[in-house]
Amino acid sequence: MSEKQTTLVLIKPDGVRRGLVGQILARIETKGYLLDDIRMVQASEEQLATHYHELVNKPFYPGIVRYMTSGPLVALRVSGHRVIEGVRALSGATDPTTAAAGTIRGDYGYDTGSDAIENLIHSSDSPQSAEHELAVWF
Ligand code: TYD
């Protein structure tokens with residue numbers, strides 16, 4: 001049965017700053033997923049509070065806001081069969097120091113020692129999150 005899905009991907013400000021937009025996008029496209037929409041955004045605190053509504057009370061949340069507003073990010077709408085699971089697999093584990101080699105975070109990310117984990121990419125973790133998050137950025 002078809003499980004065609006749509007997901008939200010953010011190439012975070014460190015990815016833009018380091019010139020990795022093309023390489024990160026290439027991994028997603030090369031895997032076979034379809035880029036449906038793309039935009040560069042300077043995130044507002046309101047957008048971040050909606051996007052990260054489950055994290056706003058965490059001690060590291062102010063660090064996330066500093067990180068995610070430190071420059072523009074690139075939002076992608078990506079679709080494909082099982083794309084949510086697939087882009088999460090391409091992205092790798094949250095901590096780039098231990099993310100597996102071969103993943104985006106494992107290959108390009110490093111721990112800068114800042115308050116928030118800088119890990120280059122966000123991708124939705126469920127169809128419900130994707131719907132919620134796509135509405136924030138598109
Ligand atoms: P989370 O949804 O747990 O991870 P993922 O991005 O892998 O789905 O957390 C969202 C972001 O919050 C994560 O990418 C980086 C940041 N974060 C921290 O800065 N410190 C932390 O201790 C955690 C758990 C997350």
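Both ligands and their constituent atoms are indexed starting at 1 by order of listing.
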In terms of atom number and element, which parts of ligand 1 are under 4.0 angstrom from non-hydrogen atoms of K12?
14 (O)
Gap between atom CG of N119 and atom CD1 of I104 - 0.5 Å precision:
11.0 Å
For atom 6 (O) of ligand 1, tell me which residue out of R105, H122, M68 has the closest non-hydrogen atom.
R105
Atoms in ligand 1 with a heavy atom of L55 nearer than 4.0 Å
9 (O), 10 (C), 12 (O)
The atoms of ligand 1 lying under 4.0 Å from a heavy atom of A116, numbered in the order shown, are 19 (O)
Separation between CG (D14) and CD (E118), nearest 0.5 Å, reads 5.0 Å
Hey, is atom 19 (O) of ligand 1 under 4.0 Å from any protein heavy atom?
yes
Is the distance between the ring centroids of H132 and H53 under 6.0 Å?
yes
Ligand 1 and I117, any nitrogen or oxygen pair closer than 3.5 angstrom?
yes
Distance under 4.0 Å to a non-hydrogen atom of I64: what atoms of ligand 1 satisfy this?
12 (O), 16 (C)
Separation between OG of S126 and CD of E133, rounded to the nearest 0.5 Å:
7.5 Å
Nearest heavy-atom contact between L76 and I11 is CD1-CD1, 4.2 Å
Which option out of I121, D125, L120, N119 puts a heavy atom nearest to atom 14 (O) of ligand 1?
N119
Any idea which of Y61, Y52, F60, Y67 brings a heavy atom closest to atom 25 (C) of ligand 1?
F60
I need the R105 CZ to T98 OG1 distance, nearest 0.5 Å.
10.5 Å
Which residue supplies the protein heavy atom nearest to atom 4 (O) of ligand 1, what is that atom called, and how far is it?
T94 OG1, 3.3 Å
Ligand-side contact atoms (ligand 1) for residue partner R88, heavy atom cut-off under 4.0 Å
8 (O)
Identify the residue among V9, L134, T7 that makes a side-chain contact (heavy atoms from CB on, under 4.5 Å) with R77.
L134
So that I can tick it off, tell me whether R82 and E85 are bridged by a salt bridge, with the cut-off set at under 4.0 angstrom between side-chain N and carboxylate O.
yes
